[in-house]
Amino acid sequence: MSEDYKRSHVFGIDYGTSDFKYGPITIGEVPEVVENRGYFIEKTSIMSRVMGVNRDIVVGRDLPLFLESREDVAERLVYPMRNGIVEKNDLKAWQVIKELTKYALENYTPSDPDFRGFYVVASLAVVAPRYMYEQLFDIFGELNSDRILVRGATIIPQPLAVAIAHKIPTCVVVESGHGNTQVCPISMYPIRNAVVALNRGGSAASVLTSEILKDLGYGDLAKEEKLVRRVKERIGLLPRRLEEAVDFARKNPDKVKREIKIEGTRIKIDLGDESWTRFLIGEYTFNPGHEIFQSYFKRGMPRPSDVKIGDTYFYGMTDMAEAVIQAVEKCSIELQPHLYSKIILSGGNFNWDSPKGLEEIAVTSDTKIKIMLKEKGIENVQAIVAREPTYSVWRGCIVYGYAVPYDFKWRWERMEGWLNYA
Amino acid sequence: MPRRPTIEDIVSSLLIDEGFYEISRNNEIIGADSQIILSDGRIEIAVNILSEDSCSSRSIIHETLIETLKLRSRYDSVILAVPRKYLKIVDQDVLAKYGVGLIIYDVMGAEEVLPPRLSNNRKEKIQNIQDNLRDVHINEITLLQSEISRITKILEELEARLDRLEREQRILTDRISELERRKSPTIGAERLAQPISSKVEERENKDSLPSYLRDNPWIDILSKRA
């Protein structure tokens, strides 16, 4: 098998907590995306009989067709990952991971008789423990039982894939998804012992949005998770400095005022005089320790707590700039200025706009992190918000698979290379 | 700065957590400091709230109890809310006897001490509905049954049609993927299988490569892994 064969058969898989992205190198710029979940079928159900299904699990695009009553969904619909991690003994979760992997590879297996399997580059959270690597390698092997689908496989951490996709070899990648945030310094390869993880992501800002909606008298809407998320995305603003923004909003309510209508419904949400709360949503993502949030905690809003998942501590209340500093300061002093000079903010949780007319008080994530770091004495910071963050991990996987030589064998001590199955 | 939660907010949040939503708030009522009306879509609850100041006056307490009891004729349930430290000023046995609920609150939150009883009005309404249901003519039931079986039949037909459409869609998707695969890997293989070191050829193909592979310094770094 040659380098040529490998390069044209690279297959990228990004195991994200909520979305599963996959596709071969030939697919182009954008991978396929399905939800990272599986539905354990009740074989006596109408849909499984109508569809002639003889599998135990359904994954991918067909999944919604099999969903039954709410009670069944709660029991049978399995989201395998929490904070990017699959529990070691969660057999159902691993079954879902296996089925999704099979689904992805089979969708693109060519009928070409010369096909000898893909070179799969999978990507996991940087905090994923070793057993996840072992289990995933086992799955790739098991998928070859009927037909060779995987010729070689490797697993890389998601922040490395982000850095590769953005063509930056030395940087700090801050990956903030729905449930958590990982800060990972990279210098040609991830500096694993410098990784800092936070137990908060987009979901924390949604919780605060829900509290704001309750205070505004929309208590009935505040329970609808998807609706709250949409409201957060449409009203949330990231303040340059919170006190100044709140002061501005109180003096100029018309400039900050926002009324939104939820498409396809009769629901209208008007923030009215409380429009200043729009700034709390963005601030909470970056700095939940601000004293302004104490009143919400006192009223029962859950405070992001420190948790240990696998071998990693996820901190709840550490602010974003402090997390970056903690991660960078674990690296060599010589490297630190280079790391501060390229900070990549990746993930939907950094997607904040600076609307026209509010440029002086509402900022984008790159500006905010620069301001926060400057306040802590870090100068010369360059930060960028990742373009198309949904796809960047998959793109990094493809570049990695394309470039790493096929005869570079997997080594556990370095956690890189190809594990060959042929 | 966010406003400090009012006692109405604190009491209301307890019931909102149980699935109720607020219909109205009134701070100028007779016989209590404030009143909240809540509903869960089926029943309506009135909550009369006594503040700390009012608890120091026996006459206000008595007046509030009487007014709260009167509300039972208008609402499905009534509740009295008092500050936690004044829990002992009301006799819970008496409240239980008359079906009035009791909530205690402080700045940390509210707690239900005594659940309210559904008023007879409501029970009567339910009884009336049940009685009316019994009177539904047997023919109407037969009619409904035939309607249901007609709708079920339509649903089954739709399911079968959906099934056929999905099968056809899957076949078409497979065919399209197959055609694309036959076309693009050939181009891709030629295009992507160029040796990394041959920079001239790489430059020729550069424009046709995906953007993330073009001029990516990682390719050089990673290709030296050994």
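Chain naming here is simple, since letters A, B, ... match the order of the sequence lines and numbering starts at 1 in each.
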Visitor: Looking only at heavy atoms, what is the nearest atom pair of Ala403(A) and Leu222(B), with distance?
Guide: CB-CB, 3.7 Å

Visitor: Pick one of side chain, backbone, both or neither for Lys214(A), based on which atoms fall under 4.5 Å of a heavy atom in chain B.
Guide: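 Interface part for Lys214(A): side chain.
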
Visitor: Between Tyr284(A) and Phe293(A), is the ring centroid distance below 6.0 Å?
Guide: yes

Visitor: With a 4.5 angstrom heavy-atom cut-off, which part of Trp394(A) approaches chain B: side chain, backbone, both or neither?
Guide: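 Just the side chain, heavy atoms under 4.5 Å.
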
Visitor: In terms of side-chain geometry, is the basic nitrogen of Lys85(B) or Glu52(B) positioned less than 4.0 Å from the acidic oxygen of its partner?
Guide: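 Salt bridge present between Lys85(B) and Glu52(B).
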
Visitor: In terms of heavy-atom pairs under 4.5 Å with chain B, which of Asp247(A), Asp407(A), Ile168(A), Ile212(A) leads?
Guide: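 Highest number of pairs under 4.5 Å: Ile168(A).
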
Visitor: Can you list everything that forms a side-chain contact (heavy atoms from CB on, under 4.5 Å) with Glu244(A)? Sequence neighbours excluded, please.
Guide: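 Checked Glu244(A) against side-chain contact (heavy atoms from CB on, under 4.5 Å); matches are Arg241(A).
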
Visitor: Please rank Ala165(A), Gly28(A), Pro24(A) by heavy-atom pairs under 4.5 Å with chain B and give me the top one.
Guide: Gly28(A)

Visitor: Contact part of Glu416(A) toward chain B, heavy-atom cut-off under 4.5 Å: side chain, backbone, both or neither?
Guide: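 Side chain only.
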
Visitor: Any salt bridge between Asp76(B) and Arg117(B), counting N to O under 4.0 Å?
Guide: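 Salt bridge absent between Asp76(B) and Arg117(B).
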
Visitor: Report yes if the distance between the aromatic ring centroids of Tyr406(A) and Trp418(A) is under 6.0 Å, otherwise no.
Guide: no

Visitor: Could I get the full list of side-chain contact (heavy atoms from CB on, under 4.5 Å) partners for Ile89(B), not counting sequence neighbours?
Guide: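 For Ile89(B) the side-chain contact (heavy atoms from CB on, under 4.5 Å) partners, ignoring immediate neighbours, are Cys55(B), Ile61(B), Tyr86(B).
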
Visitor: In plain terms, say whether Glu388(A) and Arg395(A) are close enough for a salt bridge, that is, a side-chain N and a carboxylate O under 4.0 Å apart.
Guide: yes

Visitor: Chain B heavy atoms under 4.5 Å from Tyr218(A): which part of the residue, side chain, backbone, both or neither?
Guide: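 No part of Tyr218(A) comes within 4.5 Å of chain B.
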
Visitor: Sort by residue number and list every member of residues 12-19 of chain B having a non-hydrogen atom under 4.5 Å from chain A.
Guide: Ile16(B), Asp17(B), Gly19(B)

Visitor: Where does Leu242(A) contact chain B at under 4.5 Å (heavy atoms): side chain, backbone, both or neither?
Guide: neither

Visitor: Which residues pass the side-chain contact (heavy atoms from CB on, under 4.5 Å) test with Lys70(B), sequence neighbours left out?
Guide: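 Partners of Lys70(B) by the side-chain contact (heavy atoms from CB on, under 4.5 Å) criterion, ordered by chain and then number, come out as Ile66(B), Glu67(B).
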
